[in-house]
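Input: a single structure, listed below in structure tokens.
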Amino acid sequence: MSDDLILRLHNSRTRRREVFEPLDPRNVRMYVCGPTVYDRAHLGNARPVLVFDVLFRLLRHVYGADHVTYVRNFTDVDDKINARAAETGRDIRAITDETIGWYHADMDALGALRPTHEPRATEWIGAMKDMISDLIKSGHAYEAEGHVLFAVESYAEYGALSGRSIDDMIAGARVEVAPYKRNPMDFVLWKPSDEGTPGWDSLWGRGRPGWHIECSAMAYELLGESFDIHGGGNDLMFPHHENEIAQSACAHPHGAFANVWMHNEMLQVEGKKMSKSLGNFFTVRDLLDQGVSGEVIRLVMLGTHYGKPMDWTERKRAEAEATLAKWYQVLQVHGFGPDLVRALKAGGDWQADPEFIGVLANDLNTPGAIARLHVLAKGRTPQQLAGFAHALDLLGLVPDWADLVRLAGATEAPAHAPWVDEVVAGLLAKRQTARAARDFATADQVRDVLTAAGVVVTDVGGAASWAPGPDFDAFKLEALK
RNA sequence: GGCGAGUUGGCGGAGAGGUUACGCAGCGGAUUGCAAAUCCGUGUAGAUCGGUUCGAUUCCGAUACUCGCCUCCA
């Protein structure tokens, strides 16, 4: 289909934009670090989900939907979860199950496709233990006081991804160093669990895995010792991804682990880092509950290239809402829906716009792709708009073609009393009579009265329709009853 | 302190060593009895200072400022 397409991706490992060549075009493999499941996903969590969802969609478009494997994990063993269980008295599994349910619901609402596999860490403990054993055997890890630690000095490339040297990091370290570590930068592969903490039996006693080993183990099990893309937020670059690389490279010296590393920049809110202490912290669910649709959130997110900080602002939200309303209306007016899409497919008109794909394939240039959407939206016939509709669909901005009417409906009119309908209808009838008689002075007078009450009158064709505007004031109409 | 990113027109936000980004807002026009919608046109922006080049906003260097990670929250 798109054999001549050149996909370029910025590789954090080489710090360059490179032509993407999959190890196996029949099975393109991507791993993305998923959430620790102890609470609702906040807006910042949604950025990598959406960035890599678009990449997933693009890869499926280029290589075929059945030729892409996307793995995103759930970290369901973690001290934050343990703390949440301790403070609520709830069962850990109940917390993680519930949180995964929330996560799915929220990310579904954003139009994110479910990954091919969503492994839970607790279901892969055996694979982690195997990997840790291998690392001890090969001299890359050691046991100390019930812990198993990775020896960073055993891996010469340690620090290459994030551009740090072990010596520099030790010099700048602010954390207290556990006395049993041979090198201050050594990190935990396995740690002991006490009675009240979840644990699994192992050669090193009852305990639980360190944070980093799960991604290495699950990526190996599900994608192999070499795969194509590893993604995540750039906050994970150090130490998480650095440690993943060290573990995987040492445990599977013949594999390349991930060829391409991709990191999305962080999200800000009104120009500031989103944090609890600044009071600008909110979840995806908070936004959805406020009536901000998943499509709007998605369009705002894709409006900034993934490699740059993304600023969530009220103004962008409003602009995206207006843009989407316009786009959906264009499609609706031209009869788009499941039937038309089917007909376009049957007629061979359901094709990707090459320029749109080309822009997107240039390191996932979503802002550029959105610019192309604006151009494509100027089509005048269903055939001319097919590329636009296809592109919107590819970007995940059309959850369901049967829903277009609802999507195009955009804002709901504020509720108003039944008598208002009568009053306005009466006034409009009077205006219509005057217009028919070309008595425009009277017609305009009626419009002025309605405008003063915040009623927006729109003449389409021969008929007038109305809707309560933002300044709608029923009280001003009451006098006209 | 260590590592990294960014600085584009009123706002948002891209690509490309030499030709229109795009959107919103504004302005001019068409159309509409008015209004809305729509359509057409319109903006010589690229932090500062140097360098490379026939030519740089785009490459290189320095300066300033902003931001992120290294620390619970991504």
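Naming: A, B, ... by sequence-line order, numbering from 1 per chain. If you're wondering where the values come from, they're calculated on a predicted model, not measured in any experiment. No hydrogens, no waters, no symmetry mates; every other heavy atom, side chains included, goes into these values.
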Next on the checklist: Whole angstroms only, please: what is the CZ-C1' distance between Phe238(A) and rU71(B)?
Outcome noted: 12 Å
Checklist outcome for this item: When rounded to whole Å, the CG to P distance for the pair Leu161(A) and rC70(B) reads 15 Å
Checklist entry - side-chain hydrogen bond (donor to acceptor under 3.5 Å, both in side chains): which pairs involve residues 374-391 of chain A, sequence neighbours left out? => result none
Item to check | First of Ala443(A) and His374(A) reached from the 5' end of RNA chain B, by closest nucleotide | outcome: His374(A)
Next on the checklist: Using a strict threshold of under 4.0 Å (side-chain N to carboxylate O), is an ion pair present between Arg120(A) and Asp97(A)?
Outcome noted: yes
Item to check | Nucleotide rC70(B), atom C1' - distance to CD1 of Ile166(A) in whole Å | outcome: 15 Å
Show the distances under 3.5 angstrom between N or O atoms of the protein and N or O atoms of nucleotides 36-46 of chain B.
none

Next on the checklist: One pair to check against side-chain hydrogen bond (donor to acceptor under 3.5 Å, both in side chains): Thr283(A) and Asp286(A). What are the steps and the verdict?
Outcome noted: CA-CA 5 Å; Thr283(A) 65; Asp286(A) 289 335; 3.1 Å; yes
Item to check | Separation of the P atoms in rA16(B) and rC60(B), to the nearest angstrom | outcome: 14 Å
Next on the checklist: Donor-acceptor check, side chain of Thr304(A) to backbone of Met310(A), threshold 3.5 angstrom: yes or no?
Outcome noted: no
Item to check | Under 3.5 Å: donor-acceptor pair, side chain of Arg47(A), backbone of Met266(A) | outcome: yes
Next on the checklist: Under the salt bridge (Lys or Arg N to Asp or Glu O under 4.0 Å) definition, can you give me all pairs with a residue in residues 359-374 of chain A, not counting sequence neighbours?
Outcome noted: Arg17(A)-Asp363(A), Asp353(A)-Arg372(A), Glu355(A)-Arg372(A)
Checklist entry - Taking atom P of rC34(B) as reference, at what distance in whole Å does atom CG of Asp439(A) sit? => result 16 Å
Checklist outcome for this item: Sorted by chain and residue number, the side chain to side chain donor-acceptor pair (under 3.5 Å) partners of Asp108(A) (sequence neighbours excluded) come out as Arg114(A)
Checklist entry - How far, in whole Å, is rU53(B) from rC59(B) if one measures between their C1' atoms? => result 10 Å
Checklist entry - How far does the P atom of rA5(B) sit from the matching atom of rG9(B), given to the nearest Å? => result 22 Å
Next on the checklist: Suppose we screen for ring pair (Phe, Tyr, Trp, His ring centres under 6.0 Å). Which residues come up paired with Phe187(A), at least two apart in sequence or across chains?
Outcome noted: Phe150(A), His212(A)
Item to check | Bracket string, RNA chain B, 5' to 3' - pairs by Watson-Crick or G-U geometry under 3.5 Å, | interstrand | outcome: (((((((..(((.....[...))).(((((.......)))))....(((((..]....))))))))))))....
Checklist entry - Which value, in whole Å, describes the distance between the C1' atoms of nucleotides rG23(B) and rG13(B)? => result 8 Å
Checklist entry - Starting at the 5' end of RNA chain B, which residue's closest nucleotide do you reach first, Asp78(A) or Gly163(A)? => result Gly163(A)
Checklist entry - Can you tell me how far NE2 of His147(A) sits from CG of Asp186(A), rounded to the nearest 0.5 angstrom? => result 12.5 Å
Next on the checklist: Checking Lys273(A) now: which residues fulfil side chain to side chain contact (heavy atoms under 4.5 Å, CB included) with it, not counting sequence neighbours?
Outcome noted: Ser275(A)
Checklist entry - Which value, in whole Å, describes the distance between the P atoms of nucleotides rA21(B) and rG61(B)? => result 28 Å
Next on the checklist: Between Phe257(A) and His230(A), does the ring pair (Phe, Tyr, Trp, His ring centres under 6.0 Å) criterion hold? Intermediate values first, please.
Outcome noted: CA-CA 9 Å; Phe257(A) 197 41; His230(A) 190 129; 5.8 Å; yes
Next on the checklist: Expressed as a whole number of angstroms, how long is the span from Leu299(A):CG to rC22(B):P?
Outcome noted: 18 Å
Checklist entry - Any idea which of rG68(B), rG2(B), rA21(B) is nearest the Lys273(A) side chain? => result rG68(B)
Checklist entry - Say you pick atom C1' in rU57(B) and the same atom in rU52(B); how far apart are they, in whole Å? => result 16 Å
Checklist entry - Cationic tip of Arg164(A) within the cone over Phe238(A)'s six-membered ring, i.e. under 6.0 Å and within 45° of the normal? => result yes
Would you tabulate the nitrogen or oxygen pairs shorter than 3.5 Å linking the protein to nucleotides 25-32 of chain B?
none

Checklist entry - Within this structure, what is the CZ-to-P distance between Arg13(A) and rG4(B), rounded to whole angstrom? => result 17 Å
Checklist entry - Which whole number of Å gives the distance between the C1' atom of rU42(B) and that of rA36(B)? => result 23 Å
Next on the checklist: Which residues pass the side chain to side chain contact (heavy atoms under 4.5 Å, CB included) test with Thr313(A), not counting sequence neighbours?
Outcome noted: Glu270(A), Asp311(A), Arg315(A), Lys316(A)
Item to check | C1'-based separation of rU32(B) from rU44(B) [nearest Å] | outcome: 35 Å
Checklist entry - With side chains defined as the heavy atoms from C-beta onward, is the minimum distance between Tyr31(A) and Asn73(A) less than 4.5 Å? => result yes
Checklist entry - Which parts of residues 262-270 of chain A get close to RNA chain B, meaning a heavy atom less than 4.0 angstrom away? => result Met266(A), Leu267(A), Gln268(A)
Next on the checklist: Which residues pass the side chain to side chain contact (heavy atoms under 4.5 Å, CB included) test with Asn11(A), not counting sequence neighbours?
Outcome noted: Arg13(A), Thr14(A), Glu18(A), Val260(A), Trp261(A)
Next on the checklist: With side-chain hydrogen bond (donor to acceptor under 3.5 Å, both in side chains) as the criterion, how do Arg40(A) and Thr99(A) come out once you've worked through the C-alpha distance, each side chain's angles and the decisive distance to 0.1 Å?
Outcome noted: CA-CA 7 Å; Arg40(A) 284 271 184 195; Thr99(A) 309; over 6 Å; no
Checklist entry - What is the distance from CZ of Arg47(A) to P of rG68(B), rounded to the nearest Å? => result 13 Å
Next on the checklist: Is the distance from the ring center of Tyr328(A) to that of Phe336(A) below 6.0 Å?
Outcome noted: no
Checklist entry - Can you give one letter per nucleotide of nucleotides 13-18 of chain B, going 5' to 3': B for a protein heavy atom under 4.0 Å from the base, S for sugar-phosphate only, - for none? => result SSSS--
Checklist entry - What distance do Asn234(A) atom CG and His241(A) atom NE2 have between them, rounded to the nearest 0.5 Å? => result 10.0 Å
Next on the checklist: So Arg15(A), base contact, sugar-phosphate only, or nothing? Heavy-atom distance under 4.0 Å.
Outcome noted: sugar-phosphate
Checklist entry - Given atom CZ of Arg431(A) and atom P of rA35(B), what is their separation to the nearest angstrom? => result 12 Å
